[in-house]
Amino acid sequence: GRLPDSIVQPFLQLDQSGGIQAEYVWIGGSGLDLRCKTRTLTKKISSVADLPDWNYDGSSTGQAPGEDSEVIIKPVRIFRDPFRGGDNILVLCDAYTPQGVAIPTNHRAPAKAIFDQGLEHKPWYGFEQEYTMFEKDGKTPFGWPQDGGFPGPQGPYYCSVGAENAFGRPIVEA
């Protein structure tokens with residue numbers, strides 16, 4: 001289960017004495033899961049170039065055979081960590097063999113190689129986020145009628161605008 005915030009918060013508020021936590025994140029073996037591990041660094045990081053490569057056991061994630069299981073993760077982008085706060089960071093990584101070859105689930109590396117061939121075109125793309133938040137009962141979608149009925153037709157809710165249509169927007173924006 002999940003630890004109550006009353007237990008977690010005191011640890012998140014500990015003095016880090018100038019050090020930071022860097023949460024390295026990469027795509028796992030299914031290609032649909034995320035993996036991560038935390039590295040403690042002695043100073044604030046201002047550039048991805050300041051971060052060391054790291055490694056993990058790819059046989060545990062389905063990304064390498066047991067007899068040759070080392071996978072190298074190379075930082076490609078950093079973001080402020082919204083969960084730990086402070087100077088802590090999330091580190092998005094690409095995964096490679098020790099010989100420097102992108103592993104099969106590393107789709108970003110070959111995509112970047114293609115994009116880099118046409119930088120003058122300035123590609124523009126984004127992600128569509130689709131998810132459902134639920135009421136505390138774990139069954140009723142957030143914002144749906146409490147009597148068990150259904151909301152009106154999808155039209156006003158799709159790419160919605162306005163508090164009467166965008167249920168939970170303050171949570172998403174937090």
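Just so it is clear, the model here is predicted, and its values are computed rather than measured.
- Ring geometry for Trp26 against Tyr56 counts as parallel: the plane angle stays under 30°, on a 0 to 90° scale with 60° as the upper cut.
- More than 12 heavy atoms of other shown residues, nucleotides or ligands fall within 6.0 angstrom of atom NZ in Lys37.
- Counting all heavy atoms, side chain and backbone alike, Phe83 lies closest to Leu12 at O-CD1, 4.1 Å.
- Linking Ile, Leu, Val, Met, Phe, Trp and Tyr residues whenever their side-chain heavy atoms come within less than 4.5 Å leaves Val76 and Ile72 in two separate clusters.
- Heavy-atom neighbours of Arg39 CZ from other residues, nucleotides or ligands within 6.0 Å: above the threshold of 12.
- The shortest side-chain heavy-atom distance between Ile78 and Ser46 does not fall under the 4.5 Å cut-off.
- Looking only at distances, a side-chain donor or acceptor of Asn88 sits under 3.5 Å from a matching main-chain atom of Gly85.
- The shortest distance between side-chain heavy atoms of Pro141 and Phe134 falls below 4.5 Å.
- Here the side chains of Asp33 and Thr61 are not in contact, with every heavy-atom distance at 4.5 Å or above.
- Looking only at side-chain heavy atoms (C-beta outward), Asp53 and Pro75 come within less than 4.5 Å of each other.
- The shortest distance between side-chain heavy atoms of Ile27 and Leu34 falls below 4.5 Å.
- Exactly one of Thr40, Asp87, Asp81, Thr38 qualifies for a side-chain hydrogen bond (donor to acceptor under 3.5 Å, both in side chains) with Gln21. That residue is Thr40.
- At a threshold of 4.5 Å between non-hydrogen side-chain atoms, the residues Val48 and Arg77 do not count as touching.
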